[in-house]
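For the numbers below, each heavy atom of this structure counts, side chains included, while hydrogens, waters and symmetry mates do not. Naming: A, B, ... by sequence-line order, numbering from 1 per chain. Every value quoted in this text rests on a predicted model; they were computed, and no experiment measured them.
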Number of protein chains: 2
Amino acid sequence: MSLADLSPAELSALHEELTTRYEELKPAGLKLDLTRGKPSAEQLDLSNELLGLPGPDHTVDAAGVDVRNYGGLQGLQEIRQIFGDLLGIPADQLIAADNSSLSIMHDSLTFALLHGRPGGAPWARLQARGETIKVLCPTPGYDRHFMLSEALGFELIPVDLDVDGPDLDTIKKLAAEDPLIKAIWVVPTYANPNGAVYSSEVTRELVSMPTAADDFTILWDNAYAVHHLTDDEIKPVDVLGLAAEARHPDRVFVYASSSKITFAGAGVSFFGGSKTIIDWYLANLSKRTIGPDKINQLRHALFLKDADGVRALMRRHRAIIEPKFAAVEEILADRLGSYEVARWTEPQGGYFISLDVAEHTAAEVVRLAKEAGIALTPAGSAYPYGKDPADKNIRIAPTFPPLAQVRTAIDGLATCVLLAAVTRRLAQ
Amino acid sequence: MSLADLSPAELSALHEELTTRYEELKPAGLKLDLTRGKPSAEQLDLSNELLGLPGPDHTVDAAGVDVRNYGGLQGLQEIRQIFGDLLGIPADQLIAADNSSLSIMHDSLTFALLHGRPGGAPWARLQARGETIKVLCPTPGYDRHFMLSEALGFELIPVDLDVDGPDLDTIKKLAAEDPLIKAIWVVPTYANPNGAVYSSEVTRELVSMPTAADDFTILWDNAYAVHHLTDDEIKPVDVLGLAAEARHPDRVFVYASSSKITFAGAGVSFFGGSKTIIDWYLANLSKRTIGPDKINQLRHALFLKDADGVRALMRRHRAIIEPKFAAVEEILADRLGSYEVARWTEPQGGYFISLDVAEHTAAEVVRLAKEAGIALTPAGSAYPYGKDPADKNIRIAPTFPPLAQVRTAIDGLATCVLLAAVTRRLAQ
């Protein structure tokens, strides 16, 4: 029965029941962590072959270049080919780098700030004149995108992101009007945290829309391109092809990595774009490094073999994490469903479930959970500046803990969600 | 007999002899490369054990943390301990990062530009007001330092660097007068390219001297700290200790790496400084990455074991490269010595020999050598903006080619040096 339909007496009874249940959680001494989108040890074990590769006799890449020495700024051809096949991007329009795509995001934005990106002047020059560079942030979104942008002095402008895609009308209006809006963050596949997927149609609009800034940039973070949770293994949208068709070939910066494919901390990251963008990035990168860790790229190419090798590996990941997502959805439905106080996503891929609790209770839910030994990402972290206007969104990351812990944590979380909702209703 | 003492007839005869000798070089179809300071394949082989490490069963560091997953921004304790012991820096004042110390130089300067370093405002703010940030460049020096500084918009101010150290009087005068001089590049041990070593006394002056800029920074690139070519294995100067004593604890940024210890392209790099500097760097770094490649750090810790392990490995490097340095010095002395047209360093460590040829002939020597199939770094590359005012300096990097090729290349180079000198003298 919906919480809204309960009588005051029924509410009070429920409150008492939930308080008892919550108080029982504490002595259990839980230490559960649903904060970060980290693969579990069981997932990491899938790639342990990497730990002995390339092996002592393997010192050259497919082209015969010694991977141990300096050089090779763009990264190994063979690893660019594998990820190019997966992402639908020609290998020569990809750069293979070190372990962190966040680093490539940082560096590409820093290069745009200090040196200007193709089609525009250095953004820092505008900042120096007292202007504020702005970036559109479909929300809920990825907290590290927001923190990076903020650190670079950008103003974060939230726009709504639904599971079917972002609020295009608002995006088009803002981008067309304001030349200081220089970028938009996009996680096109199984977005963090609500699992949104950007369709070809939505993507076409984004790459085609008139923008007041000539150097408007789509920061296309395809972190979960192959991270399917169902048999419907959707193919990445050909964002660079669509951008070229729309005569904005240089609008898109593509980011990807093997972090949640092989090892989260020791994978290979990628940057993609038009030839112009790639040349620009490499020219700036050449001041920063002589080349990436080519041995790690060779190691990955030997282990993954080809795009199908990656797809097969991702199915093994799915076998481990799908039950965790199913458990979250099952327990939330079981505990919260009838009360109609919360909504949650049922993502088709990626690493997160986005939970909307009763308005103005998310921070309280996180506090309650923490006291009971269940760590959650701070409420609002999926919003620019950490400010969720409705204080209702909580990001759940179920991949890291073992399944039994996920069940315990979500059951405890459900108690907190209900308790906070009932408490607030009683106080009104 | 010195070239200066030769009669016109003797000069002409020598010119004819050298021309013949030079023309004989060309049909040999040489393809020799003395350009970059790269380890040879034989040197890289010394670390091939790394290619199979850490091995499939080794997934945690000494503290029990899973090295495959995200995190650990400062890098593995055990690898920081090894390099801390070598550099004389406490492990908690070191950050261990990925494969390129040049990247740390880039990032630390970029952070100073955009966010300001402790003790100062963002340098980009001064640039925006039309001011020019300046950096002192002891020359001859490392071309990548200069290119990086130039790319960041800094003015490069050359100051003389002798093998005993830099022109301190000029440095002190300039740094005291001009608040826009924000930094000085220092390669304190076996400097690139002239092998200069900064003594404790010189270092004390640099960390003590009054500077007009409160945020003046010594960019202390100790790339060759353990790269000895003699039994006199000098110990690194305790630059951070001296800076603290001088009450300028935050003046120094220390850079180092294992690039020329293990694998040039796949080593571990380090950043050192006061606790304040380390905290500042980590705070900025946290926006750029979740952590370094910890597996590669574990791999290195397992292979190197401890500081003595590194020292033993460096002696094996020395056994390979010392004969190449000896060959260069022997052939240069043999071919050029009596003519008194050139001077060269006899470094006690590092990767380079700095050759000064007759004034206004270095570019011509490089051109002649190139036509004969001997690739040299462009003349002037050891000087800011690539401009050697006397056009006399050539950097020789003898480590990469096999010994026989080094001999052939240096003999050919000697012919070019003499030919250019004699030609110029005849034209005067």
Side-chain angles (χ1 to χ4, degrees), chain A residues 36 38-39 41 44-45 47-59 66-72 98-100 102-103 105-107 110 113-115 124-125 127-129 144 147-148 150-153 259 262-267 284 286-296 400, chain B residues 36 38-39 41 44-45 47-59 66-72 98-100 102-103 105-107 110 113-115 124-125 127-129 144 147-148 150-153 259 262-267 284 286-296 400:
Chain A
R36 302 302 316 179
K38 289 165 69 170
L44 296 168
D45 285 345
S47 297
N48 274 0
E49 190 185 332
L50 281 172
L51 295 169
L53 288 174
D57 300 324
H58 209 131
T59 60
D66 193 329
V67 290
R68 301 168 302 178
N69 224 323
Y70 289 117
D98 291 327
N99 75 333
S100 164
L102 183 64
S103 295
M105 298 172 211
H106 174 278
D107 291 355
T110 300
L113 264 168
L114 291 176
H115 314 301
R125 217 178 275 169
Q127 289 179 330
R129 283 192 219 131
R144 290 189 190 272
M147 290 187 290
L148 168 59
E150 196 181 349
L152 295 176
S259 292
T262 58
F263 291 147
N284 287 301
S286 71
K287 308 299 190 300
R288 188 181 180 275
T289 183
I290 309 175
D293 182 341
K294 294 186 295 299
I295 297 179
N296 201 37
F400 185 69
Chain B
R36 301 303 314 180
K38 290 164 67 169
L44 296 168
D45 285 345
S47 298
N48 274 0
E49 190 186 331
L50 280 172
L51 296 169
L53 288 173
D57 299 323
H58 209 132
T59 59
D66 193 329
V67 290
R68 301 168 303 177
N69 223 323
Y70 289 116
D98 291 327
N99 76 332
S100 165
L102 184 63
S103 294
M105 298 173 212
H106 174 278
D107 292 355
T110 300
L113 265 167
L114 291 176
H115 314 302
R125 217 180 275 169
Q127 289 179 330
R129 285 192 219 130
R144 289 189 190 272
M147 290 189 289
L148 168 60
E150 195 181 348
L152 296 176
S259 292
T262 59
F263 291 147
N284 287 301
S286 71
K287 308 298 190 302
R288 187 180 180 274
T289 183
I290 308 174
D293 183 340
K294 294 186 295 299
I295 296 179
N296 201 38
F400 186 70

**Asked** Using non-hydrogen atoms only, which part of Asp45(A) is less than 4.5 Å away from chain B: side chain, backbone, both, or neither?
**Response**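 When you check distances to chain B, atoms from both the backbone and side chain of Asp45(A) fall under 4.5 Å.
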**Asked** Using non-hydrogen atoms only, which part of Thr262(A) is less than 4.5 Å away from chain B: side chain, backbone, both, or neither?
**Response**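 No part of Thr262(A) comes within 4.5 Å of chain B.
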**Prompt:** Taking side chain as C-beta onward, heavy atoms only, is Leu44(B) less than 4.5 Å from Thr59(A)?
**Reply:** no
**Message:** A side-chain contact here means heavy atoms from C-beta on lying under 4.5 Å apart; do Leu114(B) and Leu113(A) qualify?
**Reply:**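 Yes - at least one pair of side-chain heavy atoms lies under 4.5 Å apart.
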[X] versus chain A, the contacting section by heavy-atom distance below 4.5 Å:
X         : answer
Asn69(B)  : both
His115(B) : side chain
Arg144(B) : side chain

**Request:** Give the minimum heavy-atom separation between Gly291(A) and Asn99(B), together with the two atoms involved.
**Result:**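 Result for this residue pair: O-ND2, 3.0 Å.
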**Message:** Which heavy atom of Ile295(A) sits nearest to which heavy atom of Ala266(B), and what is that distance?
**Reply:** CD1-CB, 3.6 Å
Measuring from atom [atom1] of [X] to atom [atom2] of [Y], what distance do you get when rounded to the nearest 0.5 angstrom?
X         : Y         : atom1 : atom2 : result
Asp293(A) : Ser100(B) : CG    : OG    : 11.0 Å
Leu53(B)  : Leu53(A)  : CG    : CG    : 12.5 Å
Thr110(A) : His106(B) : OG1   : NE2   : 7.5 Å
Thr289(A) : Leu148(B) : OG1   : CG    : 11.5 Å
Arg68(B)  : Asn48(A)  : CZ    : CG    : 4.5 Å
Glu150(B) : Lys287(A) : CD    : NZ    : 8.5 Å

Top contributor to chain B contacts, counting heavy-atom pairs under 4.5 Å, from [options]:
options                                  : result
Ala128(A), Gly71(A), Pro39(A), Ala264(A) : Ala264(A)
Ser103(A), Gly153(A), Pro54(A), Gly72(A) : Ser103(A)
Leu50(A), Asp107(A), Asp57(A), Val67(A)  : Asp107(A)

**Selection from Asp98(B), Leu152(B), Ile290(B), Asn296(B) maximising heavy-atom pairs under 4.5 Å formed with chain A** =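 Maximum pair count with chain A is reached by Ile290(B).
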